[in-house]
Amino acid sequence: MPTNLSLPIMGCGTWAWGNRLLWGYEPSMDAELQAVFNLCVENGVTLFDTGDSYGTGKLNGRSETLLGRFSQEYQGVNADKICIATKLAPYPWRLTRRSMVSAGEASARRLGRLDLVQMHWSTANYAPWQEWSLLDGLADLYDRGLVKGVGLSNYGPKRLERVYQKFSDRGVPIATLQVQYSLLSTYPVTTLGLKEVCDRLGIQLIAYSPLALGLLTGKYSEKGPFPPGIRGLLFRNILPKIQPLLDCLRAIASNRNKTMSQVAINWCICKGMIPIPGAKTVEQAQQNLGALGWSLDAGEIEELDQVAANSKKTMVQNNFQTT
C-alpha cells in the first residue's frame with residue numbers, strides 16, 4: 001500500500017530543540033536553529049523528525065513549535081519537499097483512540113502541518129491493553145486525511161507484524177519504522193531480523209541516534225572532558241570500551257578526507273536506513289551534510305561491522321523497544 005510521502009536519504013532529528021536537561025537548549029539558540037533548518041532544506045535534507053514529548057518542563061512541545069515556525073517561514077529551494085514528522089507519546093493518561101486523534105491535532109496546530117505521524121513507542125512491554133486503542137487513533141488520523149502517512153517507533157518485528165496486519169485490515173499503510181541504530185546499536189535490526197521484515201512489508205527504516213548521542217563523533221576521548229549531566233556519566237562508562245571502533249572510524253575518515261561523524265552516518269545510509277542525526281548549530285548541520293554524495297565501499301563496511309561487533313553490548317538500549 002503506497003503512501004504520499006517523499007522521503008530523502010537523510011533527515012534531521014530535533015530532540016535537542018527545547019531540551020535543556022540533556023542538550024542544554026536555551027531560547028537564545030532559536031535563530032541558529034532556524035539557520036540549521038534552512039541549510040538542511042537547501043541541501044535536500046527535507047525530513048524533520050520531532051515528538052510531542054520533546055521539550056523539557058515548561059518547554060514541552062517547544063521542538064514542534066519551533067519546527068512549525070521554521071517550516072512556515074521558509075520560502076527557498078526544496079520548500080515543496082519538506083516532510084514534517086512527529087511522534088505521539090502513549091502517555092498513561094492517553095487511553096482512547098480519541099485521545100490520540102486529539103494529540104495529533106494538537107501537534108498539527110503547533111507544527112502548522114503534519115505529514116508523518118508516528119507512535120513514539122509501544123506499550124507492549126508494560127501495558128499491552130493500552131496500545132490498540134491508541135493505534136486505532138493513529139490510523140484515524142490517516143483515514144481523516146490529517147496526515148500523509150503513518151509510522152511506528154521502537155517496534156520489533158513480532159509486534160510490527162501484528163500492527164501491520166491490524167492496519168492492513170483498515171487499508172492504512174505503515175510508511176516508516178524508527179529505531180535506535182548506529183555502529184554501537186544494531187539491535188533489533190540485525191539481532192531480530194527487522195530489516196528483512198520491513199523490506200518484505202515495504203516499510204522504510206529510519207535510524208535515530210546514528211552518532212550514539214555523540215560517542216561516534218570523535219569529539220570526546222576516554223580521558224575527557226565529557227559532556228555535562230547524564231551524557232557525561234554514560235560517556236565515562238562507554239568510551240574506554242569502544243576505542244578500537246573509534247580508531248577504525250578515525251582511520252577510514254582520514255583516508256576518505258571525511259570526519260568520523262560523516263563516516264558513521266554514511267555507514268547507516270549504506271545499510272539502507274534513513275539516518276536522522278540531530279543538529280543544534282550550523283557547523284553540526286554542515287558536518288552532517290558531509291555524509292552525503294559518496295559511499296563507503298564494501299571493504300570499509302565489513303571492517304566497521306567487524307570492529308563494531310565487539311562494541312555493541314556497551315551501548316544503552318531503549319527500554320521501550322519491543323521484539
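All values reported here derive from a predicted model rather than from experimental measurement. One-based numbering along the sequence shown.
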More than 12 heavy atoms of other residues, nucleotides or ligands under 6.0 Å from CG of Asn319: yes or no? no
Using a cut-off of 6.0 Å, state whether more than 12 heavy atoms not belonging to Gln75 lie near its atom CD. no
Flag yes if more than 12 heavy atoms outside Leu233 fall under 6.0 Å of its CG atom; otherwise flag no. yes
Could you pull out all residues at least two apart from Ala16 that satisfy side chain to side chain contact (heavy atoms under 4.5 Å, CB included)? Trp23, Lys280
For Arg69, salt bridge (charged side-chain N to carboxylate O under 4.0 Å, His left out) partners two or more places apart: none
Leu39, Val36, Asn43, Ile265 screened by side-chain contact (heavy atoms from CB on, under 4.5 Å) with Asn288, the one that passes: Ile265
Sequence neighbours left out, what passes side chain to side chain donor-acceptor pair (under 3.5 Å) with Gln287? Give chain and number order. Thr259
Please set out all donor-acceptor pairs under 3.5 angstrom arising from side-chain atoms of residues 296-303, sequence neighbours excluded.
unit_1	atom_1	unit_2	atom_2	d
Asp297	OD1	Gly299	N	3.1
Asp297	OD1	Glu300	N	2.7
Glu300	OE1	Arg256	NE	3.3
Glu300	OE1	Arg256	NH2	2.9
Glu300	OE1	Asp297	N	2.9
Glu300	OE2	Arg256	NE	3.2
Glu302	OE2	Gln306	NE2	3.4

Result for side chain to side chain donor-acceptor pair (under 3.5 Å) between Arg62 and one of Thr14, Asn19, Asp30 points to Asp30
Should the heavy atoms of other residues, nucleotides or ligands under 6.0 Å from CD of Glu283 be counted, would the total exceed 12? no
Taking side chain to side chain donor-acceptor pair (under 3.5 Å) as the test, write out the residues that go with Arg250, two or more places apart. Asp247
Any non-hydrogen side-chain atom of Tyr164 less than 4.5 Å from a side-chain atom of Ile203? yes
Less than 4.0 Å between a side-chain N and a carboxylate O, is that true for Arg200 and Glu161? yes
Side-chain donor or acceptor of Gln321 paired with backbone N/O of Pro188 under 3.5 Å: no
Listed partners of Arg231 passing salt bridge (charged side-chain N to carboxylate O under 4.0 Å, His left out), at least two apart: none
Suppose the criterion is ring pair (Phe, Tyr, Trp, His ring centres under 6.0 Å): which pairs have a residue in residues 112-138, not counting sequence neighbours? Tyr54-His120, Trp121-Phe320, Tyr126-Phe320
Asp143 meets the side chain to side chain donor-acceptor pair (under 3.5 Å) criterion, sequence neighbours left out, with Arg170
Side chain to side chain donor-acceptor pair (under 3.5 Å) involving Asp169 - partner list, sequence neighbours excluded: Gln165
Verify, without hydrogens or angle tests, whether Glu64 (side chain) and Ala106 (backbone) share a donor-acceptor contact under 3.5 angstrom. no
Filter on ring pair (Phe, Tyr, Trp, His ring centres under 6.0 Å), then keep only pairs touching residues 206-232, sequence neighbours left out; what's left? Tyr220-Phe235
Set of salt bridge (charged side-chain N to carboxylate O under 4.0 Å, His left out) partners for Lys195, sequence neighbours left out: Asp199
Using a strict 4.0 Å threshold on nitrogen-to-oxygen distance, state whether Glu222 and Arg236 make a salt bridge. no
Counting only N and O atoms by type, is there a donor-acceptor contact under 3.5 Å from the side chain of Ser133 to the main-chain atoms of Arg97? no
Test salt bridge (charged side-chain N to carboxylate O under 4.0 Å, His left out) applied to Arg98 - qualifying residues, sequence neighbours left out: Glu105
Looking only at the aromatic ring of each residue, does the gap between the centers of Phe37 and Trp17 stay below 6.0 angstrom? no
